[in-house]
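What follows is one structure encoded as C-alpha cells, with my remarks underneath.
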Amino acid sequence: MSGNPTHPKLIIHGGAGSSLKGKGGAEAVRQSLYRVIEEVYSVLSQGASAQAAVVLGCRLLEDDPRFNAGTGSVLQSDGQIRMSAALMDGASQRFSGVINTGRVKNPIDLAQFLQDADDRILSDYGSAELLRELQIPLYDPLTELRLQEWIQEREGNFNKAMAGVVAERELVSSNAESTAGRGTIGVVALDNQGRLAAGTSTGGKGFERIGRVSDSAMPAGNYATRDAAISCTGIGEDIIDECLAARIVIRVTDGLSLQSAFTRSFTESQQNQRDLGAIGLDKTGAIAWGKTSEVLLAAYHDGNQIGDTLEMVEGMAVGGTGG
Ligand code: GLY
C-alpha cells in the first residue's frame, strides 16, 4: 500500500478476436463496456478496494450475455457449460480461482470466497461442493443463442476448433447481439490506496473436450502483485505457452515500464504466432493494452476520461496511457 491516496484507474476487457465488422457491432460492444466502466469507476472513486472493484466489474461482465463468461458462456463439446474464473489481489499477492465450474451465476464470487481459504483453487467437483456449502442457488448460464450455435456446430461435426472466444466469426452489424465480443472477460483496478487487483472469467474456447483447462484460472492468464496487474484473453493454450500475465508483471518488477513490458511481451507473442490480448495497470497508474489478434474489446478510465481499444489497428498492437 502506498499510503498516499492516488487517482483510481480501471481497465476492463470483453475478449479479443477478429474484426468488428460494422459500426453497429462496435457501438453495441462499446456501450456494454462503458456501462461497466462507469459503474465500477464510481465505486472505486468512493473508496472501494481494487479487489472489490474487480469482483464487481467481473460480475457485471459475467451478467452480460454478450460476453463469454457467466451468462452467455459457450458450450463445450458435450453440450455442457464449464466456466473458470480467477481473482488475484496484488497487495497480498494472492491468487484464487475455480476451474470448470457449472450451474453458478457468477464464478468470480467463488474465486473471491476462496481468497481467504486454505485451498484456493478448486476444480469442477470441489467447486460444486463449495456452491452447495455456501448455499448459492443453482443457476443455468445457458442462453438460447449459445445453444443454437452449439447445435449448428454439432451439425457440422464440430469442424471448428473452438467457438467464438477469439471471435473468429465476423460481426454482422444487423446481428450484433449474437456475435459481438465473444471471449473471456477481465478487470484490472488500482484503488485510491495504490492497491492493484486483477480478475478474469471465461466460458472457455467452446467445443473443447471435457476436462480442458483454461488459462483464465492460471497465473498465465491472470496475475497481480504490488507492482502490476494483468488480465489476458485469447486462445488459452497460446496464453499459457507465453505465460503472458506473469511474464508482463515480472518484467515490470524487474524494472521495465508497463508499456515496455507489453511491447516486449507482445513482440515475442507475435514472433511465436500466438493469438491473444491483455490489459494491465501498474502501481504508478500507467494503463496498457496489447494484442496479436485483430481486435481487443477493452475500455478504461484513466481518472479523467473513458477510452477504448475498439478502433486499434488490426494485427499486433500495443497502447497505453499515463503512469
Ligand atoms: N482464454 C480463454 C480460454 O482459452 O479458455
Side-chain angles (χ1 to χ4, degrees), residues 11-18 58 61-62 64 66-78 80-88 95 97-102 107-108 110-111 121 123-124 127 141 146 149-150 153 158 160-169 181-188 198-223 230-248 265-266 269 272-280 289-298:
I11 182 162
I12 66 174
H13 72 74
S18 66
C58 286
L61 289 163
E62 286 174 342
D64 188 332
R66 180 185 303 285
F67 302 117
N68 174 27
T71 304
S73 286
V74 294
L75 281 62
Q76 300 196 340
S77 56
D78 62 344
Q80 297 297 309
I81 290 176
R82 296 181 184 86
M83 301 166 288
S84 298
L87 176 64
M88 188 148 183
F95 186 99
V98 286
I99 295 170
N100 287 329
T101 190
I108 195 70
L110 296 179
I121 307 169
S123 64
D124 44 12
S127 64
R146 297 295 180 237
E149 286 167 350
W150 184 83
E153 291 302 328
F158 298 115
K160 277 195 162 87
M162 69 193 81
V165 170
V166 290
E168 86 273 27
R169 290 176 191 195
R182 299 174 67 191
T184 304
I185 65 93
V187 179
V188 181
T200 305
S201 182
T202 188
K205 288 197 293 191
F207 314 133
E208 63 267 69
R209 64 187 296 164
I210 302 167
R212 182 256 181 188
V213 175
S214 165
D215 64 288
S216 298
M218 293 185 191
N222 189 79
Y223 198 66
I230 304 290
S231 168
C232 299
T233 177
I235 298 178
E237 283 72 5
D238 286 0
I239 296 165
I240 292 164
D241 288 347
E242 293 297 314
C243 202
L244 187 63
R247 190 186 195 96
I248 296 172
S265 304
F266 276 87
S269 293
N272 292 333
Q273 300 182 311
R274 311 296 191 196
D275 191 344
L276 40 71
I279 58 170
W289 54 84
K291 65 175 184 67
T292 58
S293 49
E294 285 181 30
V295 292
L296 174 67
L297 311 181

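These values consider heavy atoms only, across backbone and side chains, with no hydrogens, waters or symmetry-generated copies. Since the structure is predicted, the reported quantities are computational estimates derived from the model, not experimental observations. Atoms within each ligand, like the ligands themselves, are counted from 1 in listed order.
Side-chain atoms of Asn100 never come within 3.5 Å of backbone atoms of Val213 as a donor-acceptor pair (strictly under, hydrogens ignored). A donor-acceptor pair under 3.5 Å is absent between the side-chain atoms of Asn272 and the main chain of Arg274, judged by distance alone. At least one donor-acceptor pair closer than 3.5 Å links the side chain of Asn68 to the backbone N or O of Val74.
Between Arg82 and Glu208 there is no salt bridge, since none of the side-chain N atoms of the basic residue sits less than 4.0 Å from a carboxylate O of the acidic one.
The shortest N/O to N/O separation between Gly234 and ligand 1 falls below 3.5 Å. Looking at ligand 1, you'll find an N or O of Gly236 within less than 3.5 Å of one of its N or O atoms.
The two residues Ile108 and Ala86 come nearest to each other via the heavy atoms CD1-O, 3.6 Å. The shortest heavy-atom contact between Thr202 and Ser214 is CG2-OG, 3.4 Å. Here the closest heavy-atom approach between residue Ala69 and residue Ser201 is recorded as CB-O, 3.4 Å.
Taking every heavy atom of Ser214 and a limit of under 4.0 angstrom, the matching atoms of ligand 1 come to 2 (C), 3 (C), 5 (O). Taking every non-hydrogen atom of Gly204 and a distance limit under 4.0 Å, the qualifying atoms of ligand 1 come out as 5 (O). Counting atoms of ligand 1 from 1 in the listed order, those under 4.0 Å from a heavy atom of Asp215 are 1 (N), 2 (C), 3 (C), 4 (O), 5 (O). Each of the atoms 4 (O), 5 (O) of ligand 1 lies under 4.0 Å from some heavy atom of Lys205. Near Thr202, with a cut-off below 4.0 Å to any heavy atom, the atoms of ligand 1 are 2 (C). Every atom of ligand 1 with a heavy atom of Thr184 under 4.0 Å away is listed here by number and element: 1 (N), 2 (C).
The closest approach between Arg212 and ligand 1 falls below 4.0 Å for a heavy atom of the residue.
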